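Model, not experiment: these values are computed from the prediction. Letters A, B, ... are given to chains in the order of the sequence lines, protein chains preceding strands, and every chain is numbered from 1.
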Protein chains: 2
Amino acid sequence: MFLFILRPEYPEKNMDNRKFEKISRALGDANRIAILQQFRKKKDCLYCAEVNDLLDLTQPSISHHLKQLVDADLLIPEKEGRNLKYVLNQEVLDDYIASLTDLKG
Amino acid sequence: MFLFILRPEYPEKNMDNRKFEKISRALGDANRIAILQQFRKKKDCLYCAEVNDLLDLTQPSISHHLKQLVDADLLIPEKEGRNLKYVLNQEVLDDYIASLTDLKG
DNA sequence: TTTATTTATCGAAACATTTAAATGTTTGAA
DNA sequence: TTCAAACATTTAAATGTTTCGATAAATAAA
């Protein structure tokens, strides 16, 4: 009468290997790690200009790193007029953590 | 009278950025992800020869990938005579997950 | 000891990533 | 409309990674 589903989609949702790889690559760079860590200080969102202050890189390089993080869905970009702000994607981080937990067996 | 420690060292232990980067890079490759996923099937340990069967790569390439995983401390190598077996390092995975959780804020 | 097996290392080719200079695009302000 | 600011894209150089063939090292077996 009742059906028990052992590994529900919710709350952990497993991503495919291609996405897992992409996120791992995005996380595999010191500058990008520094960007992500800024979210602990600047709680909710981070402005592109702030990243420019944070890293000793030219603007195109920073643009490149932010693109990597956005392409991996770790950051969600939001336009605010001429500026651009980023929000940390908690869900994708959770999914990535779930995949790692799954890997543990 | 009582002292509350907000972020105890135990059970989560935070690694430095260099190590986090190294692990991320090790995880950022399809072949190495496939190797790690084999541990779900072959529960406790994995033999080098088994990895050879798993991946369509030459022996030196597989040796290279296993080295990356060992250098990142994700795999612990154990010699067994002429053979080599690997054990998944649960602790490092836990530390990595803890760092990611920390990143979430 | 000699031979075969297993894994590691070296060297080079192919490919990917990082970085910055130059330039382009978008948007707000004058 | 014109100018300036914020961010993206293109291009090229430097560097790093992946891969394989050849070869070396370690160990087990004959």
Side-chain angles (χ1 to χ4, degrees), chain A residues 17-39 42 44-89, chain B residues 17-39 42 44-89:
Chain A
N17 284 5
R18 195 164 305 187
K19 178 146 200 177
F20 183 89
E21 183 185 343
K22 193 161 200 174
I23 293 173
S24 299
R25 286 176 112 89
L27 294 173
D29 178 275
N31 292 306
R32 295 194 289 269
I33 292 168
I35 292 172
L36 293 174
Q37 282 174 339
Q38 269 303 100
F39 282 92
K42 300 283 304 176
D44 39 340
C45 71
L46 192 64
Y47 282 87
C48 192
E50 293 176 298
V51 180
N52 245 288
D53 295 341
L54 175 68
L55 302 178
D56 191 23
L57 288 175
T58 60
Q59 178 268 319
S61 297
I62 287 168
S63 191
H64 161 76
H65 286 301
L66 286 168
K67 185 168 161 39
Q68 304 280 96
L69 292 170
V70 170
D71 286 353
D73 282 328
L74 285 166
L75 293 187
I76 300 164
E78 283 176 31
K79 277 201 114 175
E80 267 192 5
R82 209 154 41 169
N83 303 310
L84 192 49
K85 78 175 180 187
Y86 294 95
V87 178
L88 194 60
N89 192 344
Chain B
N17 284 3
R18 195 164 303 187
K19 178 146 199 178
F20 183 89
E21 182 185 344
K22 194 161 198 174
I23 292 173
S24 299
R25 286 175 113 89
L27 293 173
D29 177 275
N31 291 306
R32 294 193 289 269
I33 292 168
I35 293 171
L36 293 175
Q37 282 173 339
Q38 269 304 100
F39 282 90
K42 300 283 304 173
D44 39 339
C45 71
L46 191 64
Y47 282 87
C48 193
E50 294 177 298
V51 180
N52 246 288
D53 295 341
L54 175 68
L55 302 179
D56 191 22
L57 288 176
T58 60
Q59 179 268 320
S61 297
I62 287 169
S63 191
H64 161 75
H65 286 300
L66 286 167
K67 185 168 162 37
Q68 305 280 97
L69 292 169
V70 170
D71 286 352
D73 281 329
L74 285 166
L75 293 187
I76 301 162
E78 283 175 32
K79 275 201 116 176
E80 268 192 4
R82 203 153 48 167
N83 303 309
L84 192 48
K85 79 175 178 187
Y86 293 96
V87 177
L88 194 60
N89 192 343

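As judged by a 4.0 angstrom heavy-atom cut-off over every strand, A/H65 is placed among residues touching the sugar-phosphate backbone only. Nucleic acid contact for B/I62: none, since no nucleic acid atom lies under 4.0 Å from a heavy atom of the residue. Contacts of B/Q68 with the nucleic acid, taken as non-hydrogen atoms under 4.0 Å apart, involve only primed sugar atoms and P, OP1 or OP2. Counting non-hydrogen atoms under 4.0 angstrom, A/N52 reaches nothing in the nucleic acid. Nucleic acid contact for A/L66: none, since no nucleic acid atom lies under 4.0 Å from a heavy atom of the residue.
Nearest heavy-atom pair across B/Y86 and B/F39 is O-CE2, 3.4 Å. Across all their heavy atoms, A/K19 and A/D73 have their closest contact at NZ-OD2, 2.9 Å.
Side-chain to base pairing of A/Q59 with D/dA6: no donor and acceptor N or O lie closer than 3.5 Å to each other.
Note: CG (B/N83) to P (C/dT7) measures 5 Å, nearest angstrom. For the pair B/E50 CD and C/dT7 P, the computed distance is 10 Å after rounding to whole Å. B/D53 places its CG atom 11 Å from the P atom of C/dT7, with the value rounded to the nearest Å. Atom CD1 of B/I35 and atom P of D/dT18 are 11 Å apart (whole Å). Here C/dT6 presents its C1' atom at 18 Å from NZ of B/K67, a figure rounded to the nearest Å. Counting to the nearest Å, the P atom of D/dA25 and the CG atom of B/L84 are 19 Å from each other. Note: CZ (A/R82) to C1' (D/dA4) measures 7 Å, nearest angstrom. Here the P atom of nucleotide D/dT17 and the CG atom of B/L27 are 15 Å apart, to the nearest Å.
For A/D56, the CG atom sits in a loose shell: 12 or fewer heavy atoms of surrounding residues, nucleotides or ligands are nearer than 6.0 Å.
A close approach under 4.0 Å does not occur between any side-chain nitrogen or oxygen of A/T58 and OP1 or OP2 of C/dT19. At D/dA8, one or more side-chain N or O atoms of A/S63 fall inside 4.0 Å of OP1 or OP2 (strictly under the cut-off). The side chain of A/S61 places an N or O atom within less than 4.0 Å of a non-bridging phosphate oxygen (OP1 or OP2) of C/dA20.
The terminal axes of the helix from C/dT1-D/dA30 to C/dA30-D/dT1, fitted over 5 pairs per end, subtend an angle of 20° to the nearest 10°.
No side-chain donor from either of A/D29 and A/Q68 sits under 3.5 Å from a side-chain acceptor of the other.
We find the CG-CG distance between A/L46 and A/L66 to be 8.0 Å, quoted to the nearest 0.5 Å. Atom CD of A/E21 and atom CG of B/N31 lie 8.5 Å apart (nearest 0.5 Å). Distance CG/B/L69 to CG/B/L27: 7.5 Å, rounded to 0.5 Å.
Closest to the side chain of B/K79, out of C/dT18, D/dA26, D/dC7, is D/dA26. Taking the side chain of B/R25 as heavy atoms from C-beta on, and the options C/dT6, D/dT17, D/dT18, the nearest nucleotide is D/dT17. Of the candidates C/dA20, D/dA22, C/dT7, the closest approach to any side-chain atom of B/P60 belongs to D/dA22.
If you find the closest nucleotide of DNA chain C to A/L57 and to A/E80, the one lying nearer the 5' end belongs to A/L57.
A donor-acceptor pair is defined here as one N or O able to donate and one able to accept, closer than 3.5 Å; no such pair exists between the side chain of B/S63 and the backbone of B/Q59.
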